[in-house]
Amino acid sequence: MFDPQTAILGSSWQTLHMVYDSLVDMDENLNLIPSLAESWEQVSPTRYEFTIREGVKFSNGRDMTIDDAVGSIQRLLDPKTGSYWTLEMGDVKAVSKVDDRTMAIELNAPHTPLLHALSATMASIMPMEEINAGTFDASKEMLGTGPFMIQSHVQDDHWVLARNPHYWQPGLPKVDELMIRIMPSDQARIAGLRDGSVDIASFEASPDAPLLLQNIPNVQVNVEDVTNFYFFAMNAVWEESPFSNQKLRQAVALTIDRDTIRNVALGGAGEPTAAMAPAFKKCDTDQLGYWNRDIEKAKAVLAESGAEGTEFELLVRNLPADIQMAQVIKVNAAEIGLTANISVVDEGTWVTRAWVDNPSIFEAMVTWYAGYSDPVMATLWWNPEKAGFTAGHMPMVPELNQLMDDAYAQPHGAERDATLQALCSKIDEVAVKVPLVTRQDTVAFRSDKIKASIVHTEGYVNTLRGVE
C-alpha cells in the first residue's frame, strides 16, 4: 500500500517508515521525541501547537511548508481519505496555521493519546502542494521527507530505495541504496542471512527463528519487545454462537494456559498479556477476575452458565502460530468438558468470516491486534460503535465504553492509571476477546556487514529503526 495515511498492514509500514516522517516520533521506550515538529506545547487541555522544523525538504527538493503539515493532518481527518486512524486522533475541531512555522490542532474534548497517534505512519506529512495540484498520486507513488526515496519497484518481489539527498537529519542515511526484498518464507530469509545476500531480516511471530538463526556465523539475533498481542475471540453477537452466554465465556477464559501458549506457539518468546501489553505497566493481572488460570473456578462458572458440554468451532488462519495456539486452547477447554473443533481456513475466508460479515460468521477465533504506543489505544477495538469492523462479534457494553472514553480524556497520572486498571478489568470480565500473549518479532542482521541498534520496544513495526 503506497499511501501511508490509509495503510493498515505492518508489512506496508516497514517500507513507508523509510520514505515518510511524522510530526513526532517515539524512542525505544515509547517516549515522544521531536521529528518534523522540533517542539510542541499543549496550550490548553484541548489545544496543541507545533513548531515546524526549518530546512526540511521533500525528496524532490521542494521545501516542506506549514501548509504541507496542516494540509496533511486535514487530509488524514477527511472522511474522503478513508483512514481508520481518525479513530485514534480524537474529536478534532480544527487544524490551522498560526504562522509560517506554527500549526495548531484544536480538539472538542481532551484526548490524551493525540501525540502518540501523531507518531504513527498513518499521520505522515504529505506533499500537499503536489497532491492539490494533481501532479502526485499518493495511491500509486511515494514522495516524503524521510531518509529514502523510491527508485524502483517490482510487484511482489522487491523495492529499491535511494538516499534522499535532501534529508534533514545531518549524516543520515548512511547508505546510498536500500533494497527491500519481499521474501514470505522464513527459510528463504534465513538462507539469505547465511550466504550474505541479505543484511537484515525480520521474522514476525516466528517462534522457531531465534533457534534456527543462533548458530549462523556473524548473525546477531534480537527479539523485540512489542505492544502487539494475540487474543482469543468468542462471538457474543451472532445468534448461532453459544458465546452470547457471558458465564460460558468467562469459564473458557479461566482455562487459558498462557505459559503453554507462549512455549508451544511462540518458542517462549512472548509474554502473557492482558488488554494492555506488559510494556505499558498499566494493568495488574493479579487484580483481574478471569485472567489467571483456575480450572476449579472455571468448572463452577460453567455450571452457573448451564452450558456444560458445549461444542464450538475454533476458526484460525493457516499459520503455524495461530494453529498451535488453537490446539492449546482446545486442550484447555476440554479440561472443563468443552469441545473445540479447529477449522483451518485460507486468509480470504478468514477475513470474510471474521471481519467482513456482520454478524461475523464464527463462534471463536484466534488473531492479534497492534498495541500502538499508548495503553488505551488498542482498547478502542472493544467499542463496536467506534470500531465498526468489530461489531459483528463484540456487543455494546456501555460501562466499558465509558471507562475507555475516560481513559482517552484523562491526563497522565494516578487518576488515569486507576481508570486504565478498571478498563482492563472490565475487558477481562466481559470476556469476548481474551488477550493471550504478546506477539514478539525477531530481527536478525549480519554484524560483519552492518551496524544496528535494534530498539527495545516497538509499537509501529518500524523494523529498520536504528540500522546504520
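Please read these numbers as outputs of a predicted model, since none were measured by experiment.
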Under 6.0 Å between ring centres: does that hold for F362 and W350? no
Modelled atom types, side-chain donor and acceptor of S59 and H166, under 3.5 Å: no
Would you mind reporting whether L400 and L423 have side-chain heavy atoms less than 4.5 Å apart? yes
Strictly under 6.0 Å, is that where the ring centroids of W159 and F2 end up? yes
To the nearest 0.5 angstrom, please state how far the CE atom of M126 sits from the OG1 atom of T145. 10.5 Å
Side-chain donor-acceptor contact under 3.5 Å, W238 with D357: no
Over all atoms of both residues, closest heavy-atom pair of A364 and F232: CB-CE1, 3.6 Å
I'd like to know if the side chain of R249 and the backbone of F243 have a donor-acceptor N/O pair within less than 3.5 Å. yes
Ignoring hydrogens and geometry beyond distance, is a side-chain donor-acceptor pair present between N263 and T260 at under 3.5 Å? no
Would L266 and Y230 count as a side chain to side chain contact (heavy atoms under 4.5 Å, CB included) if you check the C-alpha gap in whole Å, the side-chain angles of each, and the deciding distance to 0.1 Å? CA-CA 11 Å; L266 299 179; Y230 287 97; 4.1 Å; yes
Would you please test L254 and L302 for side chain to side chain contact (heavy atoms under 4.5 Å, CB included) and show each step? CA-CA 10 Å; L254 285 163; L302 179 62; over 6 Å; no
Could you please spell out the steps behind the side chain to side chain contact (heavy atoms under 4.5 Å, CB included) verdict for W355 and T390? CA-CA 7 Å; W355 305 113; T390 70; 4.2 Å; yes
Does any N or O in the side chain of Q246 come within less than 3.5 Å of the main-chain N or O of E429, such that one atom is a donor and the other an acceptor? yes
Measure the spacing between CG of N332 and CE of M325 and express it to the nearest 0.5 Å. 12.5 Å
Donor-acceptor pair, side chain of N29 and main chain of N31, under 3.5 angstrom: no
Taking every heavy atom of V264 against every heavy atom of Q324, the minimum-distance pair comes out as O-OE1, 3.3 Å
Please determine, by modelled atom types, if T419 and Q410 share a side-chain donor-acceptor pair under 3.5 angstrom. yes
Angle between ring planes, Y408 versus H111, binned at 30° and 60°: parallel, tilted or perpendicular? parallel
A side-chain contact here means heavy atoms from C-beta on lying under 4.5 Å apart; do M394 and V237 qualify? no
N-O pairing of E271 and R262 below 4.0 Å: no
If the threshold is 4.0 Å, N to carboxylate O, is there a salt bridge linking D322 and R317? yes
Within the distance-only criterion (no hydrogens, no angle test), does the side chain of S35 pair as donor or acceptor with the backbone N or O of S22 below 3.5 angstrom? yes
Answer yes or no: is there a donor N or O on one side and an acceptor on the other, between the side chain of T227 and the main chain of S373, under 3.5 Å? no
Could you check whether E385 and N401, counting side-chain N and O atoms only, form a donor-acceptor pair closer than 3.5 Å? no
Just say parallel, tilted or perpendicular for the rings of Y84 and W381, cut-offs at 30° and 60°. tilted
Return yes when atom NZ of K174 has more than 12 non-hydrogen atoms of other residues, nucleotides or ligands closer than 6.0 Å, and no otherwise. no
For the backbone of I73 and the side chain of Q5, can you confirm whether one donor and one acceptor N or O come within less than 3.5 Å of each other? no
Determine the minimum heavy-atom distance between S83 and L76, stating which atoms define it. OG-CD1, 3.2 Å
Where do R53 and P34 come nearest, in terms of heavy atoms and distance? NH2-CB, 3.8 Å
For the atom pair CZ (R189) and CG (L212), what is the distance rounded to the nearest 0.5 Å? 11.5 Å
Straight-line distance of Q327 CD to L314 CG, nearest 0.5 Å: 10.0 Å
Looking only at non-hydrogen atoms, find the nearest pair between A333 and T255 and report the distance. N-OG1, 4.0 Å
Under 3.5 Å, side chain of R258 to main-chain N/O of P435, donor-acceptor pair present? yes
Suppose we call two aromatic rings close when their centres sit under 6.0 Å apart. Are Y372 and H116 close by that rule? no
Set out, in order, the CA-CA distance, both residues' side-chain angles and the distance that settles salt bridge (Lys or Arg N to Asp or Glu O under 4.0 Å) for R446 and D199, then state yes or no. CA-CA 5 Å; R446 288 288 299 247; D199 297 321; over 6 Å; no
Test R181 against every option in V198, V154, V160, D157 by the side chain to side chain contact (heavy atoms under 4.5 Å, CB included) rule and name the one that passes. V198
Taking the basic N atoms (NZ, or NE/NH1/NH2) and the acidic carboxylate oxygens, is any pair closer than 4.0 Å for E335 and R293? yes
Taking everything shown except E415 itself, do over 12 heavy atoms lie less than 6.0 Å from its CD? no
Within the side chain of S124, is there an N or O that forms a donor-acceptor pair under 3.5 Å with the backbone of T121? yes
If only atom types and distance count, is the side chain of K330 paired as donor or acceptor with the main-chain N or O of A340 below 3.5 Å? yes
To the nearest 0.5 Å, tell me how far D21 CG sits from L36 CG. 4.5 Å
Would you kindly say whether S343 and E313 are connected by a side-chain donor-acceptor distance under 3.5 Å? yes
Separation between CG (L161) and CG (D176), nearest 0.5 Å, reads 12.5 Å
Short side-chain donor-acceptor distance under 3.5 Å, Y290 and K297: no
Can you find a pair of side-chain heavy atoms, one from T81 and one from T6, that are under 4.5 Å apart? yes
Answer yes or no: is there a donor N or O on one side and an acceptor on the other, between the side chain of N245 and the main chain of S305, under 3.5 Å? yes
What is the minimum heavy-atom distance between A253 and V434, and which atoms define it? CB-CG2, 4.1 Å
Take R163 and E177 through the salt bridge (Lys or Arg N to Asp or Glu O under 4.0 Å) test and state the conclusion after the steps. CA-CA 6 Å; R163 173 200 296 273; E177 185 177 277; over 6 Å; no
Do D374 and R416 sit within salt-bridge range, that is, some charged N less than 4.0 Å from a carboxylate O? yes
Just to verify, which of L23, I33, V24 counts as forming a side chain to side chain contact (heavy atoms under 4.5 Å, CB included) with S119? V24
Please test N235 against S244 for side chain to side chain contact (heavy atoms under 4.5 Å, CB included), starting from the C-alpha separation and ending with a verdict. CA-CA 7 Å; N235 194 332; S244 58; over 6 Å; no
Between K299 and E308, is a salt bridge (Lys or Arg N to Asp or Glu O under 4.0 Å) present by the stated rule, with each step listed? CA-CA 9 Å; K299 290 178 179 177; E308 296 95 329; over 6 Å; no
